[in-house]
Amino acid sequence: MSQTVDRALSILPLLARGPADLGQVATSLDVHKSTALRLLRTLHEHGLVYRQQDQRYRLGARLFALAQEAVENLDVREIAHPHLTALNEQVGHTVHLAVYEENEVLYIDKVESRYPVRMYSRIGKPVAITVAAVAKLLLADLPEPERRAVAERLDYPTYTARSTPNAGAFLKELATVREQGWATDLGGHEESINCVGAPIRGADGRVVAAMSMSAPNVVVTAEELLTLLPLVRRTADAISGEYSGRTPAPPTPHTPNTPKGSDA
């Protein structure tokens with residue numbers, strides 16, 4: 001039975017590369033045509049493959065419907081939270097998770113730092129969209145026309161001398177973030193708070209959420225925080241792998257502690 005299931009499932013990635021006839025399927029599986037036909041008929045009955053008029057087979061509509069339903073029912077917060085907690089326990093700094101919804105970037109999870117200084121950010125609260133690292137990551141992934149339209153309708157408050165001044169500067173920074181795959185907020189919202197962030201991607205490679213690590217200058221300098229960027233990126237990659245189904249990644253392992261603020 002397990003061999004039959006394995007063979008049937010092996011047909012799906014074959015057809016993902018394009019339509020194939022019975023002979024091609026049988027050759028790929030190294031089975032007789034009658035066996036391949038039996039497997040294809042079963043998949044066809046469930047809507048997972050479709051036989052075209054030229055007698056070749058392709059992936060069926062039911063497969064796409066199931067994939068879409070699975071994506072819609074994924075909870076990125078539920079998947080990410082153990083990883084965020086593990087990262088927080090490892091380094092001690094505040095960790096955020098954010099998404100882009102209805103023209104706002106919102107925090108959907110937060111793990112507080114272990115030291116007394118607390119950050120003003122709250123779950124469900126919009127971030128300072130023109131300066132926050134998570135906002136830059138989410139907006140940088142938008143198609144260029146949408147990215148430009150968003151940038152041009154935003155206001156650009158001067159929170160600090162390092163705040164993004166205008167749409168042109170913001171678009172330039174988003175282009176950099178898009179290319180390098182990570183973002184920072186080094187005193188852009190509050191002079192004393194620095195932040196580094198990385199994107200969380202779905203199976204199609206698009207950014208579905210962004211995470212960040214933030215800390216005040218009195219705890220670590222901006223330069224010291226930047227040395228933790230590889231750890232942030234590895235955590236984001238682990239969440240991405242689990243969210244997209246590429247890997248059943250466990251939470252980032254706990255390690256001993258090291259020695260909270262503003263938008264990240």
Side-chain angles (χ1 to χ4, degrees), residues 84 87-88 91-100 103-107 110-113 115-123 125-142 144 146-200 207 209-233 235-236 258-264:
L84 303 182
L87 178 62
N88 168 266
V91 299
H93 306 315
T94 300
V95 182
H96 290 100
L97 181 70
V99 295
Y100 182 58
N103 299 317
E104 287 186 321
V105 175
L106 304 171
Y107 291 122
K110 177 184 181 181
V111 184
E112 289 278 11
S113 66
Y115 34 84
V117 181
R118 289 292 183 266
M119 303 188 71
Y120 297 125
S121 54
R122 295 290 182 271
I123 294 175
K125 177 184 175 182
V127 312
I129 197 167
T130 60
V131 292
V134 289
K136 295 171 188 175
L137 290 160
L138 290 161
L139 297 184
D141 191 62
L142 297 176
E144 196 278 335
E146 186 177 354
R147 195 163 69 239
R148 181 170 296 278
V150 170
E152 290 176 350
R153 69 169 175 259
L154 290 174
D155 295 324
Y156 291 85
T158 304
Y159 301 108
T160 75
R162 297 182 181 181
S163 298
T164 309
N166 52 53
F170 193 46
L171 286 167
K172 183 176 180 180
E173 185 163 9
L174 293 183
T176 299
V177 169
R178 187 180 179 92
E179 181 178 355
Q180 68 190 13
W182 51 272
T184 63
D185 170 13
L186 304 180
H189 189 234
E190 290 188 51
E191 290 280 3
S192 62
I193 303 293
N194 298 304
C195 170
V196 294
I200 295 166
V207 175
M211 63 162 292
S212 63
M213 177 194 297
S214 305
N217 286 328
V218 294
V219 177
V220 293
T221 65
E223 290 74 18
E224 290 169 332
L225 188 66
L226 282 168
T227 65
L228 298 176
L229 177 60
L231 189 57
V232 174
R233 298 185 75 180
T235 301
T258 65
K260 253 174 199 187
S262 119
D263 286 314

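Because only heavy atoms are used, hydrogens play no part in the values below, and waters and symmetry mates are left out as well, while side chains stay in.
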On a heavy-atom basis, which atom in [X] and which in [Y] lie closest, and how many Å separate them?
X	Y	answer
His93	Ala215	ND1-CB, 3.7 Å
Gly197	Leu229	O-CD1, 4.2 Å
Thr94	Lys110	CG2-CE, 3.9 Å
Ala198	Ala236	CB-CB, 3.7 Å
Ala167	Tyr156	CA-OH, 3.3 Å
Asn217	Ala222	OD1-N, 4.2 Å

Side-chain heavy-atom pair [X], [Y] within 4.5 angstrom cut-off:
X	Y	answer
Tyr100	Asp141	no
Glu191	Tyr159	no
Asn103	Arg153	yes
Thr184	Asn194	no
Glu104	Ile129	no
Val134	Val105	yes
Leu139	Phe170	yes
Leu87	Leu84	no

Please determine whether side-chain contact (heavy atoms from CB on, under 4.5 Å) holds for the pair Leu97 and Ile200, giving the CA-CA distance in whole Å, both sets of side-chain angles, and the decisive distance to 0.1 Å.
CA-CA 9 Å; Leu97 181 70; Ile200 295 166; 3.4 Å; yes
Can you tell me how far [atom2] of [Y] sits from [atom1] of [X], rounded to the nearest 0.5 angstrom?
X	Y	atom1	atom2	answer
Glu190	Ser214	CD	OG	10.0 Å
Leu226	Cys195	CG	SG	10.0 Å
Arg148	Leu142	CZ	CG	13.0 Å
Leu228	Met213	CG	CE	5.0 Å

Is [X] reaching over with its side chain to a backbone N or O of [Y], donor-acceptor style, under 3.5 angstrom?
X	Y	answer
Lys136	Val131	yes
Asn166	Gly168	yes
Thr164	Thr130	yes

With a cut-off of 6.0 Å (strictly less than), are more than 12 heavy atoms of other residues, nucleotides or ligands near CD of Gln180?
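Yes.
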Decide side-chain contact (heavy atoms from CB on, under 4.5 Å) for Val127 and His96; before the verdict, give the C-alpha distance in whole Å, the side-chain angles of both, and the deciding distance to 0.1 Å.
CA-CA 11 Å; Val127 312; His96 290 100; over 6 Å; no
